[in-house]
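Step one of this worksheet: look at the structure below.
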Amino acid sequence: MSIISVRDVSKDYLLGKTQVHALRGVTLTVERGEFLSVAGPSGSGKTTLLNLIGCVDTPTTGVVEVAGRDTSRLTERALTDLRLHQIGFIFQSFNLVQVLSVFQNVEFPLLLQGGLTRAERAVRVQGLLEAVGIREYGRHRPSELSGGQRQRVAVARALVTRPALVLADEPTANLDSQTGQNIIDLMREMNRKDGTTFVFSTHDPKVMAHANAIVRIADGVVAGREPVGAMA
Amino acid sequence: MLLVDLQVAARNLTRHTRRNLFLGAALAAVTGLMVLLGALTAGIEGSMMESATTLLTGDVNVGGFFKITSGSAAPLVSGYPRVLAVTRATVPDLDYYTIRGRGWAKAVSDSASMDLVLGGVDIAHEPAVRRVLQPVAGTLDELARPNTMLLFQGQAERLKVGVGDVVTLSAPTERGVNNTVDVRIAVVVKNVGIMSAFSAFIQADTLRGLYSLSPDATGAIHLFLKDREQANLVAARLREELQRQGWRVMEPDPQPYYMKLFQTVPSEDWTGQKLDITTWEDELGQFKQFIWGVKVFTGLLVFVLMVVIVIGILNTLAIAIRERTREIGTLRAIGMQRRKVLWLFMLETLLLGLGGCAFGALAASALAAGLNAAAIGVPEAVQLFLSQEHLTFKLGFGAAATDVLLLTLVTVAASLAPALRAARLKPITAMHHIG
């Protein structure tokens, strides 16, 4: 069963007095356990597509289903719950809470979820910090970390609730190539180990090369979907 | 979770130290001012009420007027021992009582004269008077002797007399003639505010002599109850019982007796004796109006300052929300519900409000205690209104805590609108660029 089903979705924005057609009739299906790259130039509609899949925006027309639920039929509260329990986000600019420590940043979604004891949360957070290689930085604040370390924290935060789906919007854009490579490797490892579905946008061919498949977007339409082996 | 929420709120406050310190200081200043003004008002009210209820009125007063003709009136209770017996039987919750003569006379010294409202006192049976009046010359015990008088410091200065000097009292009687008596100044006491301007005390029998009254006549019986809050109930009970036993009793009229003496009673068409049962609130109406005026003034001042604070909070939070749009969006994107965002912002304001207000209240309390200890003199003209010689602040934990809570609540309430605005932010703002 697919985890994402996007059917004939369009999204229009009003930019001043000009209407921008960010997406025009996009259809896309993502199966569980995929490691999918959404590729395209700036302004092609990658982030808009991720926003719609991540339930932080709603389509103008069409249907977006995530984990079997039609997002257009959900209340704001239910959408928030869906994001909390099913989706993990990795942002281009890391978007960590500056006033919390690394440990607390990673722990925060678990606190929002509730249900785990303090000890259980600590085990899960420490395990993830270990997995992303920043265990010794647990007490540090984000401002005390390098870009690569911050993105590792963001990865750990996205995975801590064990979501079915992780969305990463240009996760390597603000990192040097080696650090970016490490982050992609990390995500790939999580994908292999836990079967977590990853959908990430990028326009970096080196990054795309790690995906199972690439969905190319141009001018708001899906130009094609191809397995990585099929890349030129 | 609450601990993390508190940590987030506290750390966000410390992130913008200058801005929050400024707002916290403003909150502290307003709270401090509220606490100081409240303590000053309480101090004025306390000293005014204590001296007034001791010197001018009991908790309940059994007074009355005697009219020989319908156009005249004297503040008298004739045959008071019988009235007292009924009163004591009707008021079992009586703490103690005093018998007070009431009169009005012109005091004439060698070099000056002034009008005075006279109280005839039996100093041996006036325990509370000793607590309120502080002699600066002579002793209160001397007032037990016949033809003696107690003056307040300001009066003695105005009449240019001291202890041992003699002044002449000239009083109009109900028969339309002026009686006079020479009295020796037995004691001069410190001023106690506005009462010191117009009231003085003479020995009870001397007052009776001045007005040619029989020994069983007096001005009023002042009743001091174990619980002052019961005054209205006791007054109503007394009215009913005295009426039942045959006395004519006046309808309740919340005015001090001297207002009735000069304004309403002489124009009423009756003669003979009527009793008038009043409470301390009736007799001190003007003092209460003054206190009310002070409270209204301070209330308005605080209200204006609160408006300023509210505007400050609205501005500060609006800036904070603008600065933290990305953070709020991120939190919403990772699954934080709107109500949680609302809670976080309000918690931040709650911490700021509670911290600022508590600091303000503590600082004001320390300042008030320091000013009390310094015993700063009040100018004579102001003493009249404040009933205080030294600036006195009456600090109460309850009042200060109420001020802190009230201002904190106002602060939190002011944060509601911007916090709601923050809560309504769409999570898409965290992924704001269109790629």
Side-chain angles (χ1 to χ4, degrees), chain A residues 11 13 15 20 22 38 40-51 54-58 76-77 79-89 91-101 104 107-109 111-114 141 154 157-158 160-161 163 167 169-170 173 201-203 217, chain B residues 1-20 317 319-345 347-352 420-435:
Chain A
K11 179 68 186 178
Y13 290 107
L15 204 63
V20 178
V38 179
S42 289
S44 59
K46 303 188 297 291
T47 298
T48 304
L49 181 60
L50 287 185
N51 286 348
C55 307
V56 293
D57 204 357
T58 48
E76 173 60 41
R77 194 169 174 163
L79 284 171
T80 308
D81 266 340
L82 185 65
R83 290 197 296 270
L84 177 61
H85 294 281
Q86 300 287 346
I87 304 171
F89 283 95
F91 303 94
Q92 180 181 336
S93 310
F94 326 129
N95 291 23
L96 301 175
V97 181
Q98 295 300 318
V99 295
L100 295 180
S101 67
Q104 288 171 323
E107 186 192 29
F108 205 78
L111 289 168
L112 291 176
Q113 276 189 336
R141 297 275 189 91
R157 182 179 66 183
V160 76
T161 56
L167 300 172
D169 185 19
E170 308 226 18
S201 65
T202 185
H203 50 252
I217 293 188
Chain B
M1 185 75 200
L2 182 63
L3 276 178
V4 176
D5 291 351
L6 283 168
Q7 206 171 356
V8 169
R11 285 183 180 169
N12 271 320
L13 286 175
T14 52
R15 255 176 100 188
H16 304 283
T17 315
R18 189 182 295 180
R19 188 171 69 209
N20 288 317
L317 283 186
I319 295 167
I321 289 161
R322 202 161 51 240
E323 286 174 352
R324 286 159 61 190
T325 297
R326 195 182 186 83
E327 179 190 318
I328 298 162
T330 304
L331 294 174
R332 293 276 292 118
I334 65 173
M336 182 181 276
Q337 293 286 0
R338 283 178 168 167
R339 61 172 187 275
K340 182 78 179 172
V341 177
L342 183 75
W343 157 249
L344 275 180
F345 270 85
L347 183 66
E348 214 173 294
T349 323
L350 177 73
L351 283 185
L352 178 67
L420 274 171
R421 209 157 50 238
R424 285 199 190 110
L425 279 176
K426 290 185 175 174
I428 193 172
T429 49
M431 312 163 93
H432 57 90
H433 66 280
I434 299 168

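All chains are named by letter (A, B, ...) in the order of the sequence lines, taking the proteins before the strands, and each is independently numbered beginning at 1.
Heavy atoms of B/R332 lying under 4.5 Å from chain A belong to its backbone as well as its side chain. Residue contact with chain A, scored on non-hydrogen atoms closer than 4.5 Å, involves the side chain of B/E327 exclusively.
Most heavy-atom pairs under 4.5 Å with chain B, from the set A/Q113, A/R157, A/R141: that is A/R141.
A/S93 and B/R326 get closest at one heavy-atom pair: OG-NH2, 3.1 Å. Nearest approach of A/L84 to B/I334, heavy atoms of both residues: CD1-O, 3.5 Å. The minimum heavy-atom distance between A/V56 and B/P427, with the atom names listed, is CG1-CB, 3.7 Å. Nearest approach of B/A333 to A/F91, heavy atoms of both residues: CB-CZ, 4.0 Å.
Rounded to the nearest 0.5 Å, atoms OG1 (B/T330) and CZ (A/F89) are 10.0 Å apart. One finds the CD1 atom of B/I428 at 7.0 Å from the OG1 atom of A/T48 (value rounded to the nearest 0.5 Å). Here OG1 of A/T80 is found 13.5 Å from NZ of B/K340. Values are rounded to the nearest 0.5 Å.
With respect to the salt-bridge test (charged N to carboxylate O, under 4.0 angstrom), the residues A/E76 and B/R424 do not qualify.
The side-chain contact (heavy atoms from CB on, under 4.5 Å) check on B/R18 picks up nothing, with sequence neighbours excluded. Take A/Q86 and apply the side-chain contact (heavy atoms from CB on, under 4.5 Å) test, not counting sequence neighbours, and it matches A/A67, A/L82, A/A164.
Within a 6.0 Å sphere centred on NE2 of A/H203, other residues, nucleotides and ligands contribute 12 heavy atoms or fewer.
A heavy-atom distance below 4.5 Å is not found between the side chains of B/Q337 and A/L112.
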